[in-house]
K.L.:
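After the structure tokens below, expect a handful of questions from me.
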Number of protein chains: 2
Amino acid sequence: MLLSKLFIPITKDLPSEAKIKSHQLMLQTGMIKQSSAGIYSWLPLGFKIMKKIEKIVREEQDNIGAQEILMPTIQSADIWKESGRYDDYGEEMLRISDRQNREMLYGPTNEEQITEIFRSSVKSYKLLPQILYHIQWKFRDELRPRFGVMRCREFFMKDAYSFDLNESEAVHSYNRMFYAYLKTFQKLGLKSIPMKADTGPIGGDLSHEFIILAETGESKIYADKRIFDVPIENYKNDMISLKKMRDDFSKFYAVTDDKFKQKDFNDNVKKSNQLQTKGIEVGHIFYFGDKYSKPMNCAVDGKDGKKTFVKMGSYGIGVSRLVAAIIEAKYVNKKMKWPKSVSPFDVVIIPSVTKDKKNLERGMKIYSELKKQGIDVLLDDVDENLANKFNKHDLLGIPFQIILGSKSEGNKIEFKEIDKESQLIEIKKIINTLKN
Amino acid sequence: MLLSKLFIPITKDLPSEAKIKSHQLMLQTGMIKQSSAGIYSWLPLGFKIMKKIEKIVREEQDNIGAQEILMPTIQSADIWKESGRYDDYGEEMLRISDRQNREMLYGPTNEEQITEIFRSSVKSYKLLPQILYHIQWKFRDELRPRFGVMRCREFFMKDAYSFDLNESEAVHSYNRMFYAYLKTFQKLGLKSIPMKADTGPIGGDLSHEFIILAETGESKIYADKRIFDVPIENYKNDMISLKKMRDDFSKFYAVTDDKFKQKDFNDNVKKSNQLQTKGIEVGHIFYFGDKYSKPMNCAVDGKDGKKTFVKMGSYGIGVSRLVAAIIEAKYVNKKMKWPKSVSPFDVVIIPSVTKDKKNLERGMKIYSELKKQGIDVLLDDVDENLANKFNKHDLLGIPFQIILGSKSEGNKIEFKEIDKESQLIEIKKIINTLKN
């Protein structure tokens, strides 16, 4: 893609309405555009990043055998009355009357809807265990939406729901999802900590939040830093291995400030292992047994022929929120660096264009060569000086740069990974680096 | 995937509420489930098909250089008041008040929203021509939603918008999209006819509907059958070639019944070329100049420095509707056959399981072998007799079947393409066929 043709309304000014760095960066680089309070359009750069995150989330759901479906955004109020949450949910639920005056709502979450689908589709234990997920737009009518897509009203989310015959199998489903979440955040290039959490309006007995580290995060975190050494690669998707994984994680102290006690921290974690930082919640998982299946009468015939209410859990990841969360984690010293797995482009070619067209022509040649190799490359063909270009690319955060200025000569091309020294190397070596 | 584990609530009964065959088939095979009037959940089988259609639609948009974005589902009423359509749109628009009593709505289309994005992002002609598209859920509050996802309220649609400096360039953008649509429907395995159409509530001067042939379609069609011989492959994405393409198509008579006159038909089309059939509208494209850009003040600086209102077009394809439309076109003589490009699986293995487990075990071996080859295979491991299985697979419509019954012996395996005679061939040949 040529930068001059990319629909990317970059602004040099710091947008005054943006209070946190992810919101600022997303507006400055034209990733999003506000359409009304807490509601955003995703422009090509932001859209591409969000889609890459979505793809990774999907892969890890598929890897544990979850099946993808898609529930609609607009729900009937009836099922929420069945579960008893219609009145509880308060003003954050966007309530709607259709032209026939039926009570509808824009789904803020989908426990009721999935329970309705399951009860009318499955009659026997034979289809259990089952995990269904979808990735869909949701709406929460926040009183004060702020911080860009971090706390907005219309947001994109993966939510999954597990169905089991009894509690021990349900806990295994919970552990499978726990494992999928660890793998997801790892693939996204993030350090995540699973933390025991309260269940809040979803309800239930067992819950974990997944928090990623970011110095500007909303929650204070106190943890034993050895939690990062738990070897995720070593576990397998079976009952025993995943139980061990949960046990291994629970050995290490990790709490947010609402549960923090200095004495506990000191007693449980020796000074040199104490980590105090901040983080952002990007995932939340719940086991709640028959909280929804019982009032909504979602039961299957068990092996003995007796009706049993299915045991359920629910599991969310904020996909649009992760775009902002990654920026909070990876935008350091006024330089953004997207993790390779979600970067909008693999590499950017930055030719100096002020004196003559030679560098631009050379850039076009390299561009074609990389394209042929299946590398997704951006060519900055905009007519501005190199200093301005570098400032812009500090924000765009494409992790690799090919710089065609005074240093690149003959076969040797200036190649730079953000955060590292630039090298003068041949195009073949650059291609090899980008392909790995 | 093992059929016994797939979340696919198959029902043998013909659902009484379903009046057309696509709606019946989609309910019978558990592709969708109604959640409220005109609102559906997509279960794994239907979801997979819809995603494959979406992918093809996206590829052909990308191929003509359109850039993907994503606009939100909930819009502010303000921009619709600017364009003057807020009052015009009537009760089909789902109007919403949020908790602050702001007037919002669930977008039925996006001309206003994209115009707002464009006017605040682009100031100069240099970024023109530009085509932006998105694939998003929309809502039209139909008084009588019916025919399943063919005429529902919440639906999934690709809409694109072109922006040009003058009319001749705008018509070229229109022609690019015309070309992309022909390629899209071709890849989907459908015969489509572009027909001159009225512009309706979108407005403008130039419009085509794309109709696919289906004997149960909603519109009567009268056409010169030579229109199918226009060689799409021969055109290129440049101004002259695409103008010729439009001219070539316009040589052939093709109208729906509202414009049909028997005399015109007879005068223009000789008897042997006359085609009278039915069809379903799956795409609609419009050129409407400055209909939105003028009232909404969307202008750019031209080459001469003068402000010019951009010339716009809009282009829709109903992605969720296409799932049903393909069924209407491809479900013939009580047998469904999905086009290979959108089939939920490449092939299904159907072992006879009544006598012993031998066929099932053999099926599992073939299943693993095909999986290794990257073939997406379904194994029907359900415990029921072969006749029932065949009835079921007549509905599921996976185009290729491997049948493990009395005919398959030794190295020779019964392999069948729906509509064709079955053959006894070796697994290697089967793999070759499936891979091409």
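Each chain gets a letter, A, B and so on, in the order its sequence line appears, and its residues count up from 1.
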K.L.:
Please identify each residue that fulfils side-chain contact (heavy atoms from CB on, under 4.5 Å) with B/Glu103, with sequence neighbours left out.
P.N.:
B/Ala77, B/Lys81, B/Tyr86

K.L.:
On the 0 to 90° scale, with breaks at 30° and 60°, tag the B/Phe118-B/Phe163 ring pair as parallel, tilted or perpendicular.
P.N.:
parallel

K.L.:
Sort out for me which of A/Pro44, A/Ala37, A/Ser36, A/Ser35 touches chain B most, counting heavy-atom pairs under 4.5 Å.
P.N.:
A/Pro44

K.L.:
Can you run down the side chain to side chain donor-acceptor pair (under 3.5 Å) pairs that involve residues 42-53 of chain B, sequence neighbours left out, and say none if there aren't any?
P.N.:
B/Lys48-B/Asp376, B/Lys51-B/Glu54

K.L.:
Under 4.5 Å from any heavy atom of chain A, what part of B/Leu94 do you find: side chain, backbone, both or neither?
P.N.:
side chain

K.L.:
side-chain contact (heavy atoms from CB on, under 4.5 Å) with A/Ser121: which residues, sequence neighbours excluded?
P.N.:
A/Ile117, B/Phe7, B/Pro9, B/Lys33

K.L.:
Picking from B/Ile8, B/Leu128, B/Leu45, B/Asp98, which has the most non-hydrogen pairs under 4.5 angstrom with chain A?
P.N.:
B/Asp98

K.L.:
For A/Ile74, is it the side chain, the backbone, both or neither that has a heavy atom under 4.5 Å from a heavy atom of chain B?
P.N.:
both

K.L.:
We want to know whether A/Tyr133 and A/Asp62 form a side-chain donor-acceptor pair, criterion being a heavy-atom distance below 3.5 angstrom.
P.N.:
yes

K.L.:
Given a strict heavy-atom distance threshold of 4.5 Å, which part of A/Ser97 is in contact with chain B: side chain, backbone, both, or neither?
P.N.:
backbone

K.L.:
Measure A/Leu143 against the heavy atoms of chain B and call it side chain, backbone, both or neither at under 4.5 Å.
P.N.:
both

K.L.:
Where on B/Leu43 is there a heavy atom nearer than 4.5 Å to chain A: the side chain, the backbone, both, or neither?
P.N.:
both

K.L.:
Answer whether the closest heavy-atom distance between the side chains of A/Glu59 and A/Lys55 falls below 4.5 Å.
P.N.:
yes

K.L.:
Is it the backbone or the side chain of B/Ile10 that comes under 4.5 Å from a heavy atom of chain A, or both, or neither?
P.N.:
neither

K.L.:
So what's closer than 4.5 Å to chain B heavy atoms on A/Phe156: side chain, backbone, both or neither?
P.N.:
neither

K.L.:
Does atom CG of A/Asp88 have more than 12 heavy-atom neighbours, drawn from other residues, nucleotides or ligands, at distances under 6.0 Å?
P.N.:
yes

K.L.:
Would you indicate whether the side-chain heavy atoms of B/Ile53 and B/Met50 approach each other to under 4.5 Å?
P.N.:
no

K.L.:
Would you mind reporting whether B/Gln28 and B/Thr11 have side-chain heavy atoms less than 4.5 Å apart?
P.N.:
yes

K.L.:
Non-hydrogen atoms of chain A under 4.5 Å away: do they reach the side chain of B/Glu91, the backbone, both or neither?
P.N.:
both

K.L.:
Under a 4.5 Å cut-off applied to non-hydrogen side-chain atoms, are B/Lys303 and B/Tyr125 in contact?
P.N.:
yes

K.L.:
Would you call the rings of A/Trp80 and A/Tyr89 parallel, tilted or perpendicular if under 30° counts as parallel and over 60° as perpendicular?
P.N.:
perpendicular

K.L.:
Sort by residue number and list every member of residues 66-73 of chain B having a non-hydrogen atom under 4.5 Å from chain A.
P.N.:
B/Gln67, B/Glu68, B/Ile69, B/Leu70, B/Met71, B/Pro72, B/Thr73

K.L.:
Based on non-hydrogen pairs under 4.5 Å, which of A/Gln75, A/Gln113, A/Gln130, A/Met93 is most in contact with chain B?
P.N.:
A/Gln130

